[in-house]
Number of protein chains: 2
Amino acid sequence: MSYIRYHWGPSHTMAATPAPSADSPEGATPAFSPLYQQIKGLILQSLQAGEWKPGEAIPSEMDLAARFRVSQGTVRKAIDELAAENLVVRRQGKGTFVATHAEQHVRYRFLKLVPDTGEAGPAQRSILECRRQRASAEVARALQLRTGDSVVQVRRVLSFSGVPTILEDMWLPGNPFKGLTAEQLDAHQGPTYALFELEFGVRMVRAEEKIRAVAADAQQATLLAMPEGAPLLSVERLSYTYNDVPMELRRGLYRTDTHHYRNELN
Amino acid sequence: MSYIRYHWGPSHTMAATPAPSADSPEGATPAFSPLYQQIKGLILQSLQAGEWKPGEAIPSEMDLAARFRVSQGTVRKAIDELAAENLVVRRQGKGTFVATHAEQHVRYRFLKLVPDTGEAGPAQRSILECRRQRASAEVARALQLRTGDSVVQVRRVLSFSGVPTILEDMWLPGNPFKGLTAEQLDAHQGPTYALFELEFGVRMVRAEEKIRAVAADAQQATLLAMPEGAPLLSVERLSYTYNDVPMELRRGLYRTDTHHYRNELN
DNA sequence: CAGTGGTCTAGACCACCAA
DNA sequence: TGGTGGTCTAGACCACTGC
């Protein structure tokens, strides 16, 4: 087989090549990407399209190599990056699987609050509210909607060993989350993000958090059994699905008298 | 050349193989590592030993391959991991360089506090204190010293646009940081961790942070120009050099009325 | 132009898993 | 035993940097 200059794109029989992103028509910067990046993009498309569901195995490296007409090593490097981004999990001897918030060994991947001493126990959830409403300007901006668009708001309290520790408000775009109810949230076991995958086909892939120290107002203090004015950790999280599409805005208030937010710097 | 079963270790002429970690003498779990991991370990040793200084180039992949008697691809994979851990920086066409907190494009790698609006400006530092003392039980435990061992304590305030924003206490083990003075800290430009590299040969490689919301006491409030009892972000950081040796305990109090702690979740 | 890191291939073999 | 991911090699060529 003739060698393919990797800046040319997948060429030959590869169907529907997805264009290498926004390019100035005849711009000075070609901005082509290496073959393995293009392969990564194609696999990513299949993931988004739901060709393989969360928890399922994707085709073997050899199969993908045949499908894309490249060597196994090239597919391998593409999958390496997907694995590094936690979109996919490799299991030696078994295969490569679509990552999921459900079966994952590291459950509650996005919750960085840990007890000062001992192991993290299970959380008791109590849903205070779950209703559709119109997006405020702030929520609309974060979720890339228009002010007044339909959103679902959920408010809940998480307790550990019976102690209320987290007060959370979540805002979800109304369209993908049509039909979300408090009962559903109540009944479901495990991470909320696993419910989103199963019931609504929405996989959260990454998130950004803005953290502040704030003083508890009267209502917050009551719900968390703290004195009014007590310092709380405010964690504002914006979660994204594939393609950097924001899908959830969450504002958590954490008690940090018995727990702390743990972060690792590299 | 005969093929080397990579579970045998570097074998042939490689001098002073560093032993593949603690092994039960005839234990059931061999726990050998692949060749590229062993190479990574050897490169790591040279980094620790200071064979190449921060900012300098390490030998080319071909040179290292020759030195260790392995293929370029194997060296490459070793360096890939070192680069992923920010111990080393690759520059196409130029070489691979020992990472440094000084020349690095991402200065203040460990400081995650950013202004709510606009770009992060330069910080004004004011050293309040710098003295040798005996380690308290808590400090000793964190730095793996004995209670009463010599430590250096530094207290300082960082201001942005003239507004005091961060109040920090740092504790450093007395031995490696012999001779650290307030004048030195005052005179130095750029990240403090760059000073540690240049003057004391200590490179901070990673860190862990525990974050809490606390109420400002009288003294803290004064230093940060806030009312007493105002909520502040408490950031307790333990920084490590090579080999997971803790080298600095730092406790920062951040004002979060105009700034926030930014974190990315994957 | 030579030297460096970056990409790609083809092929061999190893380690792990399930049937 | 066959299939999957994981390691290792050897060699070719590309892209970027600096002389």
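Each chain gets a letter, A, B and so on, in the order its sequence line appears, and its residues count up from 1.
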Between D:dG5, D:dC8, C:dC8, which one does the side chain of A:Pro34 approach most closely?
C:dC8

For the backbone of A:Ala194 and the side chain of A:Arg203, can you confirm whether one donor and one acceptor N or O come within less than 3.5 Å of each other?
no

Does a side-chain N-to-carboxylate-O contact under 4.0 Å join B:Glu51 and B:Arg67?
yes

Decide if the gap between the ring center of A:His101 and the ring center of A:Tyr108 is smaller than 6.0 angstrom.
no

Polar contact flag, side-chain donor to acceptor under 3.5 angstrom, B:Glu248-B:Tyr193
yes

DNA chain C nearest-nucleotide lookup for A:Gln72 and A:Gln37: closer to the 5′ end is A:Gln37

Is the gap between the ring centers of A:His259 and A:Phe160 under 6.0 Å?
yes

When you check the phosphate oxygens OP1 and OP2 of D:dT7, does a side-chain N or O of B:Thr74 lie under 4.0 Å from one of them?
no

Which comes earlier along DNA chain C counting from the 5' end, the contact point of A:Gly73 or that of B:Asp63, where each point is its nearest nucleotide?
B:Asp63

How long is the line joining NZ of A:Lys40 and P of C:dC8, in whole Å?
13 Å

Roughly, in whole Å, what's the span from CD in B:Glu61 to P in C:dT7?
11 Å

For B:Glu81 and D:dG6, what is the distance between atoms CD and C1' respectively, to the nearest whole Å?
12 Å

Go through residues 82-97 of chain A and report each residue with a non-hydrogen atom lying under 4.0 Å from DNA chain C, sorted by number.
A:Gln92, A:Gly93, A:Lys94

Strictly distance-based, threshold 3.5 Å: is any side-chain N or O of B:Gln38 a donor or acceptor partner for the main-chain N or O of B:Ser33?
yes

Atom pair distance, as rounded to whole Å: CZ in B:Arg76 and C1' in C:dT7
8 Å

Would you mind reading off the distance between A:Glu56 atom CD and D:dT4 atom P, rounded to a whole angstrom?
16 Å

Rounding to an integer number of Å, can you tell me how far B:Arg69 CZ sits from D:dA10 C1'?
17 Å

Residue-phosphate contact under 4.0 Å: B:Lys77 side-chain N/O, D:dC8 OP1/OP2:
no

Between B:Lys210 and A:Asp116, is there a side-chain N and carboxylate O pair less than 4.0 Å apart?
no

